[in-house]
**Student:** 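Starting off with a structure, shown below.
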Number of protein chains: 2
Amino acid sequence: MKDGPPERAPRRQARRIATERALVAAVGAVLRRDGMHGLGVNAVAAEAGADKKLIYRYFGGLPGLLRAFGESADFWPDLDELLGPDRAVLALPTAEMGAEIVRRHAAGLRRRPLTLELLAWECGHRDALTAVLEDVRQTISEALIAEMLAAGHHVPRGGRVLSSLFAAAMNYLAVRGRDIARFGDLSLDDDGWDEIGAVVGAAFAALLDAREAP
Amino acid sequence: MKDGPPERAPRRQARRIATERALVAAVGAVLRRDGMHGLGVNAVAAEAGADKKLIYRYFGGLPGLLRAFGESADFWPDLDELLGPDRAVLALPTAEMGAEIVRRHAAGLRRRPLTLELLAWECGHRDALTAVLEDVRQTISEALIAEMLAAGHHVPRGGRVLSSLFAAAMNYLAVRGRDIARFGDLSLDDDGWDEIGAVVGAAFAALLDAREAP
DNA sequence: AGGAGCAGTCACCACCCGGTGACTTTCGGA
DNA sequence: TCCGAAAGTCACCGGGTGGTGACTGCTCCT
């Protein structure tokens, strides 16, 4: 964060950094406990055991603190998680690769309750935090595409659109799955997610095959 | 609403019904103006030009008023909208029919700002209003399936899953499209939605053909 | 005619929010 | 050593919230 001189930090500065970290961590704790609607300077300061005034002094206000939080945590499945060890997923045929990435994306979301909370929050609001999240997402997305190109994959336009469509569906279903058990014909338990993954694979295969060989 | 005796309603009761209607309508107005986060007894009462106490007297509180509102408005594309005049969409081949319903679903959502607001709200909260909305949605969904069966369509399991997947994607993209211009490889303007519709059609066709004739 | 009851009004409460000015304590450099 | 500055504390403000008790005045039924 900031640019604290690493060499021999005086006790003063060490203390400050400690409370800064406590505040940032408190954001996560409050978020987990009360969700986004319970997030305020009072709650965060109480959780951190610090005074809320320090939020203004150190971060300029809640948005600044949220920005620091957003940059500190791992909200999104990173490349290792999406592509597996040694980028193994890139070695699959294109259709399987697309499906596998979508599946891993969904699984990564579902095991991050905080990310789901923020994803839900994004649906209804637009503020500093959501902007940070979008930045991070965009970065990962671009890196992913670069990896695929470097691995020699060529995904036709329709395949890329289908990927985005499925990613949107995963986001929505992962968020809603916290509250509801079914959506349309889908059940949102582990078995249901397995079935979703299977159909995603079938759709990718069918669409890309149809494009390649008619 | 309720069951006001149609024959010669006394002026008292007429007045009450009028303010009840005003309160319900005010919910919609506030929702349109300030979104869900600005919805409270104070705002609604002010908008309706009535006293907030009447919300408690007539509806038992905000949740009751929201319930009345949810039952009064047309939030979702109904069967006529999804299937077209004379159920024309049912006459299409199964794959085209599925794609067309998804497209009409998306279009219906996009032209209902209130529905999008509530859809976004649903992502983060669970209360009386969301329960009502889910009831209505479920009812429409079941009616839709009944119509398709009655028209002689047989949709395999994968097709139904794909429909739900696309419906989830449409919900998410329609909601997010209010705030962001792009999602992954999709642009969320009119042209982008046309492309989405095309890919949805291609995916349905590819998946259902692959199932029928391998 | 007249009184009971209901629609509607108003003031008020307690509570929680974000934000700030004034203060005390503690550290560290000249 | 000592003074300035930074860390941290506390009380307070204005404002908005949901919710309620006490009231007026009209209406409708007997």
**Student:** Rounding to an integer number of Å, can you tell me how far B/H37 NE2 sits from C/dC17 C1'?
**Tutor:** 15 Å
**Student:** Output the rounded distance in Å from CZ (A/F59) to C1' (C/dG18).
**Tutor:**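 For the pair A/F59 CZ and C/dG18 C1', the rounded distance is 17 Å.
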**Student:** Would you mind checking if A/E117 and A/R32 are paired as a salt bridge, meaning a charged N to carboxylate O distance below 4.0 Å?
**Tutor:**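 Result for this pair is no, no salt bridge flagged.
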**Student:** Under 3.5 Å, is there a donor-acceptor pair between the side chain of B/R178 and the main chain of A/G124?
**Tutor:**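 No.
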**Student:** Would B/L83 and B/L144 count as a side-chain contact (heavy atoms from CB on, under 4.5 Å) here? Give the steps.
**Tutor:** CA-CA 9 Å; B/L83 297 178; B/L144 187 62; 3.9 Å; yes
**Student:** Any sub-3.5 Å donor-acceptor pair from B/S164's side-chain atoms to A/D185's backbone N or O?
**Tutor:**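 Confirmed, B/S164 side chain pairs with A/D185 backbone.
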**Student:** Can you check side-chain contact (heavy atoms from CB on, under 4.5 Å) on B/V89 and B/E147, steps first, answer last?
**Tutor:** CA-CA 11 Å; B/V89 173; B/E147 290 273 352; over 6 Å; no
**Student:** B/L23 CG to C/dA7 C1': how many Å, rounded?
**Tutor:**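 B/L23 atom CG is separated from C/dA7 atom C1' by 12 Å.
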**Student:** Treating primed atoms plus P, OP1 and OP2 as sugar-phosphate and everything else as base, which nucleotides of nucleotides 7-18 of chain D get B, S or - for protein heavy atoms under 4.0 Å?
**Tutor:** SBBB------SB
